[in-house]
Protein chains: 2
Amino acid sequence: MTLTAPAPQPGSSAPGLGDLSIAEVAERLGISAHTLRYYEREGLLLRPVGRASSSHRRYTEADLTWLGFLTKLRLTAMPIARIKEYAELVRRDATGEDTEPERLALLRDHRTAVLAQLDQITQSLAAIDFKIASYEERNTPS
Amino acid sequence: MTLTAPAPQPGSSAPGLGDLSIAEVAERLGISAHTLRYYEREGLLLRPVGRASSSHRRYTEADLTWLGFLTKLRLTAMPIARIKEYAELVRRDATGEDTEPERLALLRDHRTAVLAQLDQITQSLAAIDFKIASYEERNTPS
DNA sequence: GTTTGACTTAGAGCGCACTCGAAGTTCTAT
DNA sequence: ATAGAACTTCGAGTGCGCTCTAAGTCAAAC
C-alpha cells in the first residue's frame, strides 16, 4: 500500500502514479471491488479506467469524483439504468454536443423523487417514534 | 363499492359488516392486492384475516391499523423477515407472554437505522443540489 | 340465465442489484 | 525463488420483494 502520492496536477486525465487500486477505491467509497467492476461493465463510467502495466485497474482522482457522485445517486435510489443515461449524456458532452439541459432535467427530476422519499421516510419515522413512545410510557408507570 | 360503513364499535376483533375488501385496503394503503396476499402468506399479519361467506377477505379496522404501520416499516426499508419477527412478538404477547421489551428494542434498533438512512439521503441530496446549482450557474452567464 | 368482474388458491416467474466462483496472472514480502 | 495476497475475466448464481398466471368460485347486472 503506497501512501506517498506525488499530487497529480489537477485536470490530468491520463492515469498517473498517484492513482488508486480497485481495493483502495472500494474502501473509500464503501462498496465492494465486485460492485466497482459491475458498474464499469454496465457502462456507468465516463471513460475507460486506466490500467497499470500489469493490467490492474488504476483509478484517477477524476474517476473517484465521479464514482463518489454515482454512489450518492445510488444511495438515493436512482436505478442503475438511469445513472447509465446520465453517464451517456456526460460522454456525449465530451464529443462537443451540449447535453447540459438534459442532464439538468434528469437531476431535477431525481431531486423531486428524493424529496418525496425523504418525506415518506420522515412521516414513517414519526409513526415509529410514536409507537416507541407509547411502549416507553407503558413501561414507566411512574 | 359500499361506502356506507356503519361505524364498527372500536375494539371489535371479529369481522363485521363495516369491513373492507382486499381491493379497498390495497387502495387505501397504496399497495397491490397481490402484495397484501403475499404479506399474509409470509406471516406478517397478527391474526387470520376474516372471510365473508364467499370466502373473500374482509379486513377490520384493526387489520388496517396494523397494515398501515407495517407499510411504514417497509417504507423505511425494514426487511420482510424483520417485520415477521415483530409480528411474531405481538402474537406471542397475545398469549399472555410479555414481549414488549423485545418489541421496543427492535423498534429502537430500526429507528437508529432510519436516522442513518435519513442522514445518508440528506447528504446525497446536498451533493445533487450542488451539482444542479453548478449547472444552473453555468447557464446563467448573467 | 348469462355475462362480467372481483375474488380465491397454488405456484411459477421476474427485475434489480449485486455477489460469487473458477481459473489464471501478477505483485509483495521473505 | 517462492509463497500468498491481490488482481484479472467471464459467466453463473443469489436474495429480495414482489408480480403474475391459471384455473376456478361467486355475486351482482342485464
Among residues at least two apart in sequence or on other chains, which ones pass side-chain contact (heavy atoms from CB on, under 4.5 Å) with [X]?
{"X": "B:Asp98", "answer": "B:Asp93, B:Glu100, B:Pro101"}
{"X": "A:Arg91", "answer": "A:Ala87, A:Glu88"}
{"X": "A:Ser32", "answer": "A:His34, A:Thr35"}

Worksheet item: With sequence neighbours left out, what residues match B:Tyr39 under side chain to side chain donor-acceptor pair (under 3.5 Å)?
Response: none
Worksheet item: A:Arg82 side chain N/O closer than 4.0 Å to the phosphate oxygens (OP1, OP2) of C:dC16?
Response: no
Can you tell me how far [atom2] of [N] sits from [atom1] of [X], to the nearest Å?
{"X": "A:Glu40", "N": "D:dG11", "atom1": "CD", "atom2": "P", "value": "16 Å"}
{"X": "A:Glu42", "N": "C:dG15", "atom1": "CD", "atom2": "P", "value": "15 Å"}
{"X": "B:Arg37", "N": "C:dA12", "atom1": "CZ", "atom2": "C1'", "value": "16 Å"}
{"X": "A:Leu36", "N": "C:dA17", "atom1": "CG", "atom2": "P", "value": "16 Å"}
{"X": "A:Arg51", "N": "C:dT25", "atom1": "CZ", "atom2": "P", "value": "16 Å"}

Discussion item. By the 4.0 Å heavy-atom rule, please label B:Arg57 as base, sugar-phosphate, or nothing.
Written reply: sugar-phosphate
Discussion item. By the ring pair (Phe, Tyr, Trp, His ring centres under 6.0 Å) test, which pairs, at least two apart or in different chains, include something from residues 80-136 of chain A?
Written reply: A:Trp66-A:Tyr86
Discussion item. Protein within reach of the bases, or only the backbone? For nucleotides 13-20 of chain D, mark each nucleotide 5' to 3' as B, S or -, using heavy atoms under 4.0 Å.
Written reply: ----BBBB
What are the atom names and distances for every N/O pair under 3.5 Å that joins the protein to nucleotides 1-6 of chain C?
none

Discussion item. Tell me whether B:Glu40 is salt-bridged to B:Arg51, with the criterion being a basic N under 4.0 Å from an acidic carboxylate O.
Written reply: yes
Worksheet item: With clusters built from Ile, Leu, Val, Met, Phe, Trp and Tyr whose side-chain heavy atoms come within less than 4.5 Å, directly or transitively, what are the remaining members of the cluster of B:Leu118, listed by chain and number?
Response: A:Val114, A:Leu115, A:Leu118, A:Ile121, A:Leu125, B:Val114, B:Leu115, B:Ile121, B:Leu125
Fill in: Within residues 64-73 of chain A or reaching into it, pairs that qualify as salt bridge (charged side-chain N to carboxylate O under 4.0 Å, His left out) - sequence neighbours excluded
none
